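All values below were derived from every heavy atom in this structure, side-chain atoms included, with hydrogens, water molecules and symmetry-related copies excluded. Letters A, B, ... mirror the listed sequences (proteins, then strands); counts begin at 1. What you see is a predicted model; the values in this text were computed from it and never measured.
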There are 2 protein chains.
Amino acid sequence: MDTLSITLSALADPTRRAILARLANGEASVSELAEPFDMSLVAVSKHLKVLEKAGLISKGREAQWRPCRLEPKPLRQVDDWLESYRQFWNDNLDRLEAYAALLQKGGKNEPSN
Amino acid sequence: MDTLSITLSALADPTRRAILARLANGEASVSELAEPFDMSLVAVSKHLKVLEKAGLISKGREAQWRPCRLEPKPLRQVDDWLESYRQFWNDNLDRLEAYAALLQKGGKNEPSN
DNA sequence: CAGTTAATTAACTTATAGGTTTAATATAGG
DNA sequence: CCTATATTAAACCTATAAGTTAATTAACTG
């Protein structure tokens with residue numbers, strides 16, 4: 001699998017995204033990260049492994065703790081990928097706005113819904 | 001599943017991203033979209049269904065063709081989600097740049113690699 | 001050293017993703 | 001009406017994702 005696919009599939013899980021959101025506020029250990037979730041520590045540990053393989057987090061070691069921290073690179077890669085579509089959706093938005101403006105003006109033949 | 005998860009997992013497949021890239025250049029039918037891929041038409045049709053369920057494409061009908069077109073909304077949602085992390089990775093980048101600048105300056109204790 | 005805490009590994013279950021082939025449906029066109 | 005074309009549906013296979021519990025490893029602590 002290519003790295004972008006690996007990143008996106010790591011991100012395609014609400015638990016993992018919540019973990020990343022937590023880590024955006026600073027480092028945290030595995031059990032700290034697991035605490036808010038209604039699942040076993042082992043399950044969270046696996047989620048972390050998925051994030052780690054995608055390069056979205058890295059783990060240090062401090063005694064028996066493995067402090068995790070967010071890594072920016074893969075997120076930036078997603079952003080770069082999105083870049084190609086930004087033009088597209090702006091165009092699309094422009095069209096919608098133009099249409100809305102048209103309606104605002106009170107043209108005669110606007111649809112009723 | 002939440003919509004963002006559905007979108008991201010739809011995007012986490014290179015075939016589906018290639019389809020979206022193709023559709024960024026305009027509408028295309030199912031068989032046109034399938035043509036470049038080394039898999040059955042049925043498989044591509046399923047990929048399209050995944051994209052459609054995520055709202056990333058929509059299908060029209062023209063005789064026996066189902067022209068597909070790219071829909072911007074879910075991609076924008078991904079972009080919005082990324083927004084929260086942009087600050088983070090810019091900070092991170094700044095730190096790296098500052099460090100690089102420091103090295104440039106020729107400080108004494110820079111690492112050799 | 002014994003016990004506790006932190007985390008991972010192993011073995012297992014269940015559901016789903018992604019592909020296949022074959023069959024069905026719908027439309028155009030002679 | 002018959003046939004070719006476009007697409008979807010159905011049934012199936014296999015690999016993997018996401019969770020579980022139980023066992024293992026590693027480090028601190030009294």
Side-chain angles (χ1 to χ4, degrees), chain A residues 1-23 26-71 74, chain B residues 1-23 26-71 74:
Chain A
M1 274 281 249
D2 62 285
T3 63
L4 186 52
S5 296
I6 291 170
T7 300
L8 288 168
S9 93
L11 294 175
D13 181 289
T15 303
R16 291 195 287 260
R17 287 197 309 280
I19 289 172
L20 294 183
R22 166 75 179 72
L23 289 177
E27 297 198 351
S29 71
V30 176
S31 20
E32 282 170 342
L33 289 171
E35 195 272 326
F37 298 106
D38 188 24
M39 70 179 74
S40 71
L41 186 83
V42 177
V44 172
S45 180
K46 284 187 182 180
H47 279 304
L48 291 173
K49 179 148 292 171
V50 172
L51 290 170
E52 198 180 10
K53 278 189 182 157
L56 285 158
I57 68 168
S58 60
K59 281 188 207 162
R61 23 177 66 207
E62 266 182 54
Q64 66 265 61
W65 294 274
R66 301 294 134 84
C68 302
R69 67 168 182 284
L70 188 53
E71 292 290 343
Chain B
M1 275 279 246
D2 61 285
T3 63
L4 186 53
S5 296
I6 291 171
T7 299
L8 289 168
S9 93
L11 294 175
D13 180 288
T15 303
R16 290 195 288 260
R17 288 197 307 281
I19 289 171
L20 295 183
R22 167 73 178 72
L23 289 178
E27 298 198 350
S29 71
V30 176
S31 19
E32 281 170 342
L33 289 170
E35 195 273 325
F37 299 106
D38 189 23
M39 69 179 72
S40 71
L41 185 86
V42 177
V44 172
S45 180
K46 283 189 183 180
H47 279 303
L48 291 173
K49 180 149 291 171
V50 172
L51 291 170
E52 197 180 9
K53 277 189 182 156
L56 285 158
I57 67 168
S58 61
K59 282 187 205 161
R61 25 178 65 208
E62 265 181 54
Q64 66 266 60
W65 293 275
R66 301 294 131 83
C68 302
R69 68 167 181 282
L70 188 53
E71 292 291 340

Spacing of E35(B) atom CD and R22(B) atom CZ [to the nearest 0.5 Å]: 9.5 Å
Describe the nucleic acid contact of T15(B) in one word from base, sugar-phosphate, nothing, applying a heavy-atom distance below 4.0 Å. nothing
Of S40(B) and K59(A), whose closest DNA chain C nucleotide lies nearer the 5' terminus? K59(A)
At the 4.0 Å heavy-atom cut-off to chain B, mark where contacts on DNA chain D begin and end, going 5' to 3'. dT5(D) to dA11(D)
Let me spell it out: for each of V42(A) and P67(B), pick the nucleotide of DNA chain D with the closest heavy atom. Which residue's pick is nearer the 5' end? P67(B)
Which residues, if any, of residues 1-13 of chain B bring a heavy atom under 4.0 Å of DNA chain D? none
Taken to the nearest whole Å, CG/D38(B) to C1'/dG19(C) is 12 Å
Provide the closest heavy-atom pair for D13(A) versus H47(A) in the form atom of the first, atom of the second, distance. OD2-CE1, 3.6 Å
Supply the atom-to-atom distance E27(A) CD to L33(A) CG, rounded to the nearest 0.5 angstrom. 10.5 Å
Can you sort out which residues in residues 45-54 of chain A have a heavy atom within less than 4.0 Å of DNA chain D? Ascending by number, please. K46(A), H47(A)
Check every strand shown and say whether R16(A) touches a base, only sugar-phosphate, or nothing at a heavy-atom separation below 4.0 Å. sugar-phosphate
Flag the pair P74(B) / T3(B) as yes when at least one side-chain heavy-atom distance between them is below 4.5 Å, and no otherwise. no
To the nearest 0.5 Å, atom CG of L51(A) lies from atom CD of E71(A) at 11.5 Å
side-chain contact (heavy atoms from CB on, under 4.5 Å) for R17(A) and D2(B)? Distances and angles first, verdict last. CA-CA 12 Å; R17(A) 287 197 309 280; D2(B) 61 285; 2.8 Å; yes
Separation between NZ of K59(A) and CZ of R61(A), rounded to the nearest 0.5 Å: 10.0 Å
Output the distance between atom CG (L48(A)) and atom OG1 (T15(A)), rounded to the nearest 0.5 Å. 10.5 Å
Side-chain heavy atoms of L56(A) within contact of L23(A), under 4.5 Å: no
Shortest non-hydrogen contact from R16(A) to A10(A)? NE-O, 2.7 Å
What's the spacing between S9(B) OG and L11(A) CG if we round to 0.5 Å? 11.5 Å
